[in-house]
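Below is one structure, written out as C-alpha cells; the observations come after it.
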Amino acid sequence: ASYKTDALKKGKEADAQIRQHFEDALASYSAFAKELDVVYQQAKLKELEVLKQSGNNYQYRKAYSMHLAEQLVSVFDSQEDLTNADKLKQADKIADQLGQELSEFNAEYQKIKDKNPQVSSDSTLMSLNSCIKYYRSFKESKSQYDFKFMIDGYNNAVRANR
C-alpha cells in the first residue's frame, strides 16, 4: 500500500507512462493508416485505369465519379475542418473535378438511355448530383444541414453500388 504514503507518486508516474504509450500507439496507428490510404488510393487508380482501358466508358465514368466523391467527403475529418480554409480549398478543387466528371457520366448515361428509353434512371448519378449540389450549397451557407445532405448523397451512391 505504498500509494498511501507516497502521495500517489508511483501512480502518477505510471499514469504518465501509460499516457505516453497511448500517444505513441495513436501516432503509430495514424502513420499506418496514412500508408494504408496511399496503398488503397494507388490500387483504386489502377482499377480505374483497367476500367478505362476496357472501353466501358459508362462504368468508368461511374467508378471515377464515385472515387472523386469519396475523396471529397474524406477531406473533412472533424467539425473544425468545415471552417478550415485549406480544407475548403482542397474540397473545392475536388468538387470542380467531380462536377466535370458527373457531366461526362451523365453524357454516357444519356447515350444508353437514347438507345434504350426503358432504361431506368441511374441512382448513382442522381445521388452524386445531390452530393455535389449540397456541397455547393454548404460552401455558400456553411450550414451543417447542407453538409449532412452532401454526405447523405454520397452514402446513397455507395448503397446504390453495393
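Note that the structure is a prediction, hence the values are computed from the model and not measured. Heavy atoms only: backbone and side chains are in, while hydrogens, waters and symmetry mates are out.
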Original post:
Is there a chain of hydrophobic side chains (I, L, V, M, F, W, Y, each step under 4.5 Å between heavy atoms) that links Tyr60 to Leu45?
Top reply: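 In one cluster with Tyr60: Leu45, yes.
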
Original post:
Same hydrophobic cluster for Met126 and Val73, using side-chain heavy-atom links shorter than 4.5 Å among ILVMFWY?
Top reply: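 Shared cluster, no.
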
How long is the gap from [atom1] on [X] to [atom2] on [Y], to the nearest 0.5 Å?
X	Y	atom1	atom2	value
Ile151	Asp146	CD1	CG	12.0 Å
Met150	Asn155	CE	CG	10.0 Å
Arg159	Ser123	CZ	OG	12.0 Å
Leu48	Leu68	CG	CG	8.5 Å
Tyr64	Gln97	OH	CD	5.0 Å
Ser65	Leu72	OG	CG	12.0 Å

Taking all non-hydrogen atoms of both residues into account, name the closest pair between [X] and [Y] and its distance.
X	Y	result
Gly153	Ser127	O-CB, 3.3 Å
Ala157	Met66	CB-SD, 3.6 Å
Ser143	Phe138	O-CD1, 3.5 Å
Lys111	Glu108	NZ-OE2, 3.1 Å

Subject >> Counterpart residues, salt bridge (Lys or Arg N to Asp or Glu O under 4.0 Å), relative to Glu70 (two or more places apart) >> reply: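 Checked Glu70 against salt bridge (Lys or Arg N to Asp or Glu O under 4.0 Å); zero matches.
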
Subject >> salt bridge (Lys or Arg N to Asp or Glu O under 4.0 Å) partners of Lys113, counting only residues at least two apart >> reply: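 For Lys113 there are no salt bridge (Lys or Arg N to Asp or Glu O under 4.0 Å) partners, ignoring immediate neighbours.
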
Enumerate, atom names and distances included, each donor-acceptor pair closer than 3.5 Å involving a side-chain atom of residues 98-107, sequence neighbours excluded.
unit_1: Glu101; atom_1: OE1; unit_2: Arg61; atom_2: NH1; d: 3.1
unit_1: Glu101; atom_1: OE2; unit_2: Arg61; atom_2: NH1; d: 3.0
unit_1: Ser103; atom_1: OG; unit_2: Gln100; atom_2: O; d: 2.8

**OP:** Quick one: which residue pairs count as a salt bridge (charged side-chain N to carboxylate O under 4.0 Å, His left out) with a foot in residues 38-50, not counting sequence neighbours?
**Re:**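 Those involving residues 38-50 are Lys44-Glu47.
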
Subject >> Inter- and intrachain pairs under salt bridge (charged side-chain N to carboxylate O under 4.0 Å, His left out), touching residues 119-138, at least two apart >> reply: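 Pairs touching residues 119-138 that pass the test: Lys62-Asp122.
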
Has the side chain of [X] got a donor or acceptor atom that lies under 3.5 Å from a matching backbone atom of [Y]?
X	Y	value
Asn56	Lys52	no
Asn129	Leu125	yes
Asp96	Lys93	no

Original post:
Can you list the residues that meet the ring-ring contact (aromatic ring centres under 6.0 Å, His included) rule with Tyr154, with sequence neighbours excluded?
Top reply: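 Testing Tyr154 for ring-ring contact (aromatic ring centres under 6.0 Å, His included), a comparison that skips the adjacent residues, returns none.
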
**OP:** List the steps, then state whether side-chain contact (heavy atoms from CB on, under 4.5 Å) holds for Phe149 with Ser137.
**Re:** CA-CA 10 Å; Phe149 294 144; Ser137 298; over 6 Å; no

**OP:** Please determine, by modelled atom types, if Tyr135 and Asp92 share a side-chain donor-acceptor pair under 3.5 angstrom.
**Re:**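 The answer is yes; a qualifying pair exists.
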
Subject >> Residues, nucleotides or ligands: over 12 heavy atoms within 6.0 Å of Lys87 NZ >> reply: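 Enclosed.
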
**OP:** Start with the C-alpha gap between Asp152 and Tyr134, add the side-chain angles, then the distance that decides, and say whether side-chain contact (heavy atoms from CB on, under 4.5 Å) holds.
**Re:** CA-CA 9 Å; Asp152 288 347; Tyr134 282 109; over 6 Å; no

